[in-house]
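Step one of this worksheet: look at the structure below.
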2 protein chains.
Amino acid sequence: MANITDVAKLAGVSHQTVSRVLNDEGTVRPATRARVDAAIRELNYRPSAAARALVTRKTRMVGLITTGAPLYGPASTTLAFNEAARAAGYRVSIASMASADRAAMVSAVDVLLGQDVEALVLIVSDYAVFDALSGLDVTVPLVAAESSGRAGFHSVSIDQYSGARTAVRHLIDLGHREILHIAGPTGSVDAAERERGWRDELELAKLPVQRPFVGTWFPESGYTIGTDLIRRRALGASAATAIFSGNDQMALGVLHALTDAGLAAPDDVSIVGFDDIPEAAHFPPPLSTVRQDFTDLGARMMETLLSVLDGRPAVAAEHKAPELVVRASTAPPRS
Amino acid sequence: MANITDVAKLAGVSHQTVSRVLNDEGTVRPATRARVDAAIRELNYRPSAAARALVTRKTRMVGLITTGAPLYGPASTTLAFNEAARAAGYRVSIASMASADRAAMVSAVDVLLGQDVEALVLIVSDYAVFDALSGLDVTVPLVAAESSGRAGFHSVSIDQYSGARTAVRHLIDLGHREILHIAGPTGSVDAAERERGWRDELELAKLPVQRPFVGTWFPESGYTIGTDLIRRRALGASAATAIFSGNDQMALGVLHALTDAGLAAPDDVSIVGFDDIPEAAHFPPPLSTVRQDFTDLGARMMETLLSVLDGRPAVAAEHKAPELVVRASTAPPRS
DNA sequence: GCACGAAATGTGATCGCTCACATTTGCGTG
DNA sequence: CACGCAAATGTGAGCGATCACATTTCGTGC
């Protein structure tokens with residue numbers, strides 16, 4: 001592989017002039033620049049990122065820590081962030097963690113910091129992760145997709161709490177009085193925020209707050225919980241008439257359980273999801289849900305990152321409220 | 001930030017001894033090693049990846065090129081590959097491409113090669129990508145998740161063709177004679193392979209081969225196509241009795257269209273999907289589909305990569321056949 | 001045609017590590 | 001106790017770029 005000296009020799013200039021051409025620094029005569037460019041092409045030369053990073057102490061690389069599950073939300077956010085990062089000239093090194101425990105976190109951070117990333121980006125929203133983080137001394141800026149409002153890093157998010165309140169308010173407005181909640185896994189910040197929104201909205205309306213059911217985000221858990229509820233006659237006639245599901249996938253599981261029992265939404269039970277995954281509009285029935293704009297989130301994370309790296313104050317409006325999408329899974333209770 | 005010399009000074013040894021401790025090279029007395037380790041901890045020292053890469057010409061980093069859509073398959077494979085890479089001590093730099101055109105590809109490859117990745121991994125399976133690739137001179141090994149059997153790189157995959165044949169055979173065995181296909185987007189290698197499997201299996205059974213319908217992988221397209229088919233009375237009684245959908249999500253759209261029309265699977269139409277996403281078991285009705293083990297695929301990609309980097313021949317059994325999962329969306333045709 | 005300042009280009013040091021090789025230390029042996 | 005050899009440690013060069021500064025070239029006004 002050719003290096004800068006080879007190029008310089010071939011172009012008949014000094015290595016510094018080549019460097020100037022590479023970095024597009026002003027004072028190079030067009031003719032000289034052309035000669036250098038030609039030499040670069042001829043030798044198929046590519047500057048060594050390692051050598052550059054060594055001297056400039058800038059890698060233009062950010063580390064992305066993400067979850068181990070192939071869920072729609074994190075996957076979309078990650079993709080959007082990648083695009084935004086590349087557009088801004090940053091490279092992304094990724095470390096996905098199979099589990100959200102301390103050891104995995106330490107290892108992920110270590111690997112990334114060891115690459116001299118200029119910043120860390122977190123798309124895992126788990127309390128364990130933030131706890132682990134506070135023990136580490138991370139020397140680079142940190143941006144997290146997170147809405148609990150902790151300190152110690154920059155957080156950009158979609159406001160889970162307000163989204164949940166909107167969803168529950170929708171059910172209350174329809175006339176529902178007993179509204180159950182299927183929460184995401186314990187430890188998830190988003191799950192906790194959604195649960196808090198559900199609880200607060202119920203309390204505000206002076207409605208009964210049952211203990212929430214804990215799922216896994218996956219449809220299977222919604223199915224299991226739904227089946228169990230129906231068996232115990234806790235759902236449907238003379239019982240709970242609505243469910244706020246922590247995400248769309250678990251809502252699908254519940255819908256499946258309803259169908260199995262000869263029940264249907266919204267006739268017997270109204271159900272609201274969260275996320276608005278592409279499938280949600282095609283559930284039986286099409287699901288009312290809270291739409292999260294993950295693409296926008298990913299892009300905003302990068303914006304914030306750039307601000308922070310530039311030493312500018314982080315941009316405002318970091319916690320956007322999501323929007324309720326009403327479809328066919330919600331209706332007034334049958335009375 | 002401390003460097004190797006600082007550590008050496010603090011530990012009272014030479015920089016070379018520190019280097020030996022870092023790289024775990026034999027000849028260091030335990031007592032010395034301990035002093036060095038203590039110094040490293042005290043200074044919170046981390047070796048510079050850039051400096052290392054500069055001298056060793058090894059970055060222990062692989063470049064991952066992936067698609068722009070947050071689909072379950074690629075997302076799962078990517079995750080699994082990440083895990084496997086980290087376990088093997090490799091870092092992963094990711095470049096996702098918004099579109100699968102030549103320009104995006106060139107840019108992605110450039111960015112990654114510019115980082116001195118030791119290999120490239122492709123989890124986009126698009127003809128355009130492979131075409132673009134053949135024009136570039138990629139100087140590092142390339143591993144692709146791809147099953148068309150092109151030359152020029154190492155390919156690891158799940159056998160899409162055989163999966164499709166299995167799915168269609170299942171429908172034929174049930175007694176279906178007119179089996180439509182909703183294909184994935186034009187340009188997708190997997191879509192083409194699945195279509196080819198469908199076609200070949202029909203031809204083998206001397207059954208009519210209609211022109212396939214082209215979807216986007218997303219449920220919406222299945223819904224549109226399904227609605228259209230029903231309106232044209234091309235589906236259901238005295239018409240096609242079965243559909244082989246290119247993936248599960250589009251199958252969901254078709255199911256939705258059936259429901260809208262007062263029809264149902266499998267009574268009116270049998271339907272088989274592809275992928276076995278976590279939602280598939282909870283579709284109305286639970287979907288018969290072809291299960292792909294993406295986790296295994298990601299892991300196998302990394303294995304192959306390691307073999308190639310070590311100069312060993314790539315491992316055998318690179319194209320596994322997927323497995324049919326029969327659920328409730330398929331049954332013999334009515335009458 | 002010469003002086004002068006700006007534009008263009010060149011020179012050598014340096015980033016933090018590993019490599020190849022040189023030197024010192026420790027320890028069993030005659 | 002000196003010797004020799006292996007184990008342990010040290011020394012200096014060099015990877016390929018940028019940085020700071022030095023030098024040359026060019027264009028302009030008098």
Side-chain angles (χ1 to χ4, degrees), chain A residues 1-40 43-61 89 91 110-111 113-118 139, chain B residues 1-40 43-61 89 91 110-111 113-118 139:
Chain A
M1 199 61 200
N3 64 21
I4 200 170
T5 313
D6 300 331
V7 174
K9 221 168 279 173
L10 183 61
V13 297
S14 76
H15 60 127
Q16 179 60 8
T17 298
V18 177
S19 172
R20 274 188 271 259
V21 170
L22 290 173
N23 297 288
D24 218 25
E25 273 168 25
T27 64
V28 177
R29 225 176 322 182
T32 312
R33 180 182 301 267
R35 278 213 316 288
V36 171
D37 279 333
I40 287 174
L43 296 174
N44 196 17
Y45 166 79
R46 225 187 282 274
S48 150
R52 262 188 180 161
L54 184 59
V55 55
T56 60
R57 293 148 173 291
K58 292 214 172 284
T59 51
R60 288 191 81 70
M61 178 148 75
R91 276 155 254 147
D110 249 36
V111 165
L113 288 185
Q115 281 173 89
D116 307 318
V117 295
E118 293 180 23
T139 48
Chain B
M1 201 59 199
N3 65 21
I4 201 171
T5 313
D6 299 331
V7 173
K9 222 168 279 174
L10 182 60
V13 296
S14 75
H15 60 124
Q16 179 59 8
T17 298
V18 176
S19 172
R20 274 188 270 259
V21 170
L22 289 174
N23 297 288
D24 219 25
E25 274 168 25
T27 65
V28 177
R29 224 176 322 181
T32 312
R33 179 183 302 268
R35 278 212 319 287
V36 171
D37 279 334
I40 287 174
L43 295 174
N44 195 18
Y45 166 79
R46 225 185 283 275
S48 151
R52 264 190 180 161
L54 186 58
V55 54
T56 60
R57 292 146 176 292
K58 291 212 172 285
T59 52
R60 288 190 81 70
M61 178 147 76
R91 276 156 253 147
D110 249 36
V111 164
L113 288 185
Q115 281 172 91
D116 308 318
V117 296
E118 294 181 23
T139 48

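Keep in mind that what you see is a predicted model, and the values were worked out from it rather than measured. Naming: A, B, ... by sequence-line order, numbering from 1 per chain.
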- Query: What's the CD-C1' distance between E25(B) and dT9(D), to the nearest Å?
  - Reply: 13 Å
- Query: Is R35(A) reaching over with its side chain to a backbone N or O of A11(A), donor-acceptor style, under 3.5 angstrom?
  - Reply: yes
- May I ask you to list the residues of residues 14-21 of chain B, by number, that have any heavy atom positioned under 4.0 Å from an atom of DNA chain C? H15(B), Q16(B), S19(B)
- T32(A) versus V21(A): any side-chain heavy-atom pair under 4.5 Å? no
- Query: Are the side chain of N3(A) and the backbone N or O of T5(A) linked by a donor-acceptor pair below 3.5 Å?
  - Reply: yes
- Starting at CG of L43(B) and ending at C1' of dC17(C), how long is that distance when rounded to a whole Å? 16 Å
- Whether Q115(A) side chain and A49(B) backbone form a donor-acceptor pair below 3.5 Å: no
- To the nearest 10 degrees, what angle separates the axes at the start and end of the helix from dG1(C)-dC30(D) to dG30(C)-dC1(D), five pairs each? 40°
- Item | Short side-chain N/O contact to dT18(C) OP1/OP2 from N23(B), under 4.0 Å | yes
- Task: May I have the distance from I4(B) (atom CD1) to dC15(C) (atom C1'), rounded to whole angstrom?
- Result: 13 Å
- Return the 5'-most residue of the pair R29(A), A2(A) with respect to DNA chain D, ranking by each residue's nearest nucleotide. A2(A)
- Whole Å only: how far is the CD1 atom of I40(A) from the C1' atom of dA17(D)? 13 Å
- Nearest nucleotide by nearest heavy atom, which residue falls closer to the 5' end of DNA chain D, V13(B) or T5(A)? V13(B)
- Task: Using whole Å, report how far CG of D6(A) lies from P of dC15(D).
- Result: 11 Å
- Of all heavy-atom pairs between H15(A) and A8(A), which one has the smallest distance, and what is that distance? N-CB, 3.6 Å
- Between T32(A) and Y45(B), who's closer to the 5' end of DNA chain C by nearest nucleotide? T32(A)
- Query: Closest approach of I4(A) and S19(A), non-hydrogen atoms and distance?
  - Reply: CD1-N, 3.8 Å
- Query: What is the distance from CG of L22(A) to C1' of dT18(D), rounded to the nearest Å?
  - Reply: 11 Å
- Could you state the atom-to-atom distance from NZ of K9(A) to C1' of dG10(C) in whole Å? 15 Å
- Which heavy atom in A50(B) sits nearest to a heavy atom in D116(A), and how many Å separate them? N-OD2, 3.8 Å
- Query: Closest heavy-atom contact between D6(B) and M1(B)?
  - Reply: OD2-O, 4.4 Å
- Query: Can you find a pair of side-chain heavy atoms, one from V36(B) and one from Y45(B), that are under 4.5 Å apart?
  - Reply: no
- Taking DNA chain C as the partner, which of residues 48-60 of chain B come within under 4.0 angstrom of it by heavy atom? S48(B), A51(B), R52(B), L54(B), V55(B), T56(B)
- Task: State whether the side chain of R60(A) and the backbone N or O of G89(A) hold a donor-acceptor pair below 3.5 Å, judged by distance alone.
- Result: yes
- Task: Can you measure from CZ (R29(A)) to OG1 (T17(A)) and round to the nearest 0.5 angstrom?
- Result: 10.5 Å
